Amino acid sequence: MNCKLLIAIVCAIALSTVNITAAGAGAKEGQTRCQTIDQRRDALRDSILANIHGAKISETVLDISRFGAKPDGVKDCLPAFKKAIAKAEKAGGARLKVGAGTYLLRGPLTLASNLCIELEEGAVIKFDPDPSLYPQVSTSWEGTYLTNYSPMIYGYGLHDVAITGKGLIDGNAMSTFATWRSKQRAAQTRSREMNHNATPVAERVFGEGDYLRPHLLQLYRCKGVTLEGVKIINAPFWCIHLLQSDDIVCRGLRYDAKLVNNDGIDPESSRNILIEGIHFDNGDDNVAIKSGRDNDGWAAAMPSENIVIRNCHFKGLHAVVIGSEMSGGVRNVIIENCNYAGYCKRGIYVKTNPDRGGFVSGIYVKNCVFGDVEDLFYVTSQYAGEGLTSNNYSTVTDLHVDGLRCDKASAAALVLQGTKAKPISNVSFDNVSVGEAATGISFNDVTGVEMGECNIGPRAGVPTQASKKDKLFEQGR
């Protein structure tokens with residue numbers, strides 16, 4: 001461990017024991033409080049980044065055209081990709097160049113360790129959406145572990161895997177998978193019952209007739225991952241699912257993925273992740289951080305942790321979400337220097353309920369800007385009104401916002417909804433600015449909330465002086 005990393009970790013641990021001064025204790029104490037939070041956040045960020053390297057990419061180069069691929073959008077190029085990947089494995093790793101043109105793949109692209117697929121500008125990987133082409137594999141669906149259709153791009157137990165370049169990945173799911181949501185309820189319910197009943201995963205078999213949509217790209221139990229530059233459209237379900245994986249760089253990705261449930265990036269029970277410079281335009285959450293649903297999340301006990309989200313441009317349903325499948329816990333998340341590329345229903349959204357258990361802690365928001373939203377910052381322990389008769393309460397604590405603004409919140413600016421059994425605790429807001437809001441602040445079942453410089457609605461000016469215009473003795477008659 002290098003000296004800089006050691007100092008950063010020691011600083012983070014030491015500062016975490018410092019008592020935050022009470023709000024209203026004076027300008028000097030308030031300044032000390034803010035500096036302390038800044039130091040904790042920056043030390044945490046630096047310690048996280050020191051552990052993120054992404055994939056080591058081989059210098060050996062293979063050209064997909066040499067394996068029989070014909071980029072006419074008609075010929076099945078999957079056999080060529082399989083041959084090239086086998087060659088890369090035999091060589092101990094390779095960078096597979098994919099030149100301009102459309103490459104039709106009639107089935108899933110299964111990745112290998114020490115492999116980088118480089119999509120050059122003008123290159124399109126387009127998947128055949130026929131469900132019968134996608135065999136069953138070990139996966140997870142909405143936080144429950146099971147067997148289901150293979151993701152279109154799938155990697156399990158790999159190391160040093162990358163997809164880079166300026167090309168395009170087209171899930172082409174409009175005619176099949178994208179139509180399945182209305183048909184999934186029976187299988188969805190069955191999967192959750194299996195979760196709650198601790199049914200062995202080997203017996204949780206789903207596929208034809210169940211209508212559980214596969215992910216576009218899933219990396220499961222992988223270490224050393226780089227996803228950079230490419231554009232993603234028309235995913236069958238979530239676009240990028242990072243499951244039980246470690247040491248991941250997502251950089252400069254571009255989205256135009258507006259089919260149903262086209263989340264951008266879903267880290268689940270994964271750690272040491274950098275998400276930066278992404279241009280989101282999604283039909284659902286831009287980033288949704290998860291760690292398993294209910295019993296499966298508790299049993300795996302693998303939190304999503306050590307995640308830095310910075311310099312991103314948000315557009316879609318919600319910008320950054322934690323939950324609701326977060327039973328294994330989420331901690332140490334930094335969201336900084338981000339803005340919006342269009343409308344987001346909500347900015348920062350933490351959602352759990354008394355079915356989930358788990359915890360959310362160490363969430364830092366710094367210098368993020370939105371335009372018009374429904375809610376700017378919303379934390380609820382009563383998501384969807386579910387589990388209200390359960391007692392698996394979530395611990396939600398240490399949420400710190402410094403620099404967050406929007407032009408308008410049509411519903412609410414700042415919302416904290418805890419439970420009486422476990423109030424949301426240790427929350428601070430500073431430098432929050434909302435031009436207009438139907439509801440400014442709504443805090444229920446909370447403790448230890450501090451407010452610094454915050455303006456919701458127009459900033460107040462100089463107070464007027466008493467005058468005859470006040471008509472003091474005529475008021476109330």
Side-chain angles (χ1 to χ4, degrees), residues 231-233 235 237-240 250 252-267 273 275-290 307-326 330 333-352 360 363-380 383-384 399-417 429 431-442 454-457:
K231 186 173 183 178
I232 294 173
I233 65 174
F237 190 47
W238 299 348
C239 295
I240 296 175
C250 296
L253 299 170
R254 299 160 293 141
Y255 289 89
D256 185 12
K258 299 189 179 75
L259 299 184
V260 64
N261 298 128
N262 273 196
D263 289 12
I265 302 172
D266 290 69
I273 303 170
I275 299 171
E276 69 174 352
I278 312 290
H279 290 260
F280 292 99
D281 189 357
N282 294 80
D284 212 305
D285 302 332
N286 290 175
V287 179
I289 303 171
K290 305 170 181 292
I307 300 171
V308 175
I309 303 167
R310 65 185 184 186
N311 303 322
C312 290
H313 312 283
F314 297 121
K315 182 180 179 183
L317 182 62
H318 306 128
V320 179
V321 178
I322 296 173
S324 68
E325 305 95 325
M326 41 63 66
V330 176
V333 178
I334 295 172
I335 308 159
E336 63 180 7
N337 301 326
C338 294
N339 60 23
Y340 65 102
Y343 179 76
C344 289
K345 182 180 175 74
R346 293 191 177 89
I348 312 300
Y349 190 20
V350 179
K351 52 184 183 178
T352 180
V360 175
I363 312 301
Y364 295 87
V365 179
K366 175 72 173 180
N367 293 339
C368 292
V369 178
F370 294 89
D372 289 357
V373 296
E374 185 172 307
D375 304 296
L376 180 59
F377 185 89
Y378 202 118
V379 182
T380 180
Y383 174 64
L399 314 177
H400 301 290
V401 176
D402 181 5
L404 178 64
R405 74 177 177 86
C406 72
D407 296 330
K408 178 180 179 180
S410 62
L414 306 177
V415 179
L416 300 174
Q417 296 175 342
F429 296 99
N431 297 309
V432 176
S433 176
V434 180
E436 179 183 346
T439 297
I441 295 174
S442 179
C454 299
N455 290 277
I456 298 175

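These numbers come from the heavy atoms of this one structure, side chains and all, not from hydrogens, waters or symmetry mates. In this chain, residues are counted from 1 in sequence order. Given the structure is predicted, the values throughout are model-derived calculations rather than measurements.
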How long is the straight-line distance from [atom2] of [Y] back to [atom1] of [X], given to the nearest 0.5 Å?
{"X": "C454", "Y": "N431", "atom1": "SG", "atom2": "CG", "answer": "7.5 Å"}
{"X": "I232", "Y": "I278", "atom1": "CD1", "atom2": "CD1", "answer": "9.0 Å"}
{"X": "C250", "Y": "I307", "atom1": "SG", "atom2": "CD1", "answer": "10.0 Å"}
{"X": "N339", "Y": "C368", "atom1": "CG", "atom2": "SG", "answer": "8.5 Å"}
{"X": "E276", "Y": "C312", "atom1": "CD", "atom2": "SG", "answer": "8.0 Å"}
{"X": "L317", "Y": "N282", "atom1": "CG", "atom2": "CG", "answer": "10.0 Å"}

Grab the two heavy atoms, one from [X] and one from [Y], that are nearest each other, plus how far apart they are.
{"X": "G264", "Y": "C239", "value": "O-CB, 3.4 Å"}
{"X": "V330", "Y": "M326", "value": "CG2-CB, 4.1 Å"}
{"X": "A413", "Y": "L376", "value": "O-CB, 3.3 Å"}
{"X": "N262", "Y": "A257", "value": "CB-O, 3.2 Å"}
{"X": "A235", "Y": "L259", "value": "O-CD1, 3.6 Å"}
{"X": "G323", "Y": "K290", "value": "O-NZ, 3.3 Å"}

Does A412 offer a backbone N or O that forms a donor-acceptor pair with the side chain of D375 under 3.5 Å?
yes
Main-chain N/O of S324 paired to Y383 side chain as donor or acceptor, under 3.5 Å
no
Starting from the C-alpha separation in whole Å, work towards a yes-or-no answer on side-chain contact (heavy atoms from CB on, under 4.5 Å) for N367 and E336.
CA-CA 6 Å; N367 293 339; E336 63 180 7; 5.9 Å; no
For a 4.5 angstrom cut-off between non-hydrogen side-chain atoms, does [X] reach [Y]?
{"X": "I348", "Y": "I335", "result": "yes"}
{"X": "I240", "Y": "Y255", "result": "yes"}
{"X": "V350", "Y": "I363", "result": "no"}
{"X": "R405", "Y": "D407", "result": "yes"}

Would L404 and F370 satisfy side-chain contact (heavy atoms from CB on, under 4.5 Å), going step by step from the backbone distance to the final call?
CA-CA 8 Å; L404 178 64; F370 294 89; 4.0 Å; yes
Report the C-alpha distance between Y378 and Q417 in whole Å, list the side-chain angles of each, state the deciding distance to 0.1 Å, and finish with yes or no for side-chain contact (heavy atoms from CB on, under 4.5 Å).
CA-CA 8 Å; Y378 202 118; Q417 296 175 342; 3.1 Å; yes
Pick one: which of N455, D402, I441, L414 meets side chain to side chain contact (heavy atoms under 4.5 Å, CB included) with V432?
L414
Parallel, tilted or perpendicular, as decided by the 30° and 60° cut-offs, for the rings of H318 and Y349
perpendicular
Would you please classify the geometry between the F377 ring and the F429 ring as parallel, tilted or perpendicular, with 30° and 60° separating the classes?
perpendicular
N-O pairing of D256 and K258 below 4.0 Å
yes
Going by an N to O cut-off under 4.0 Å, is there a salt bridge joining D281 and K315?
yes
Exceeds 12 heavy-atom contacts within 6.0 angstrom, atom CZ of R254
yes
Just do the side-chain contact (heavy atoms from CB on, under 4.5 Å) check on F280 and I265 with the steps written out, would you?
CA-CA 10 Å; F280 292 99; I265 302 172; 4.1 Å; yes
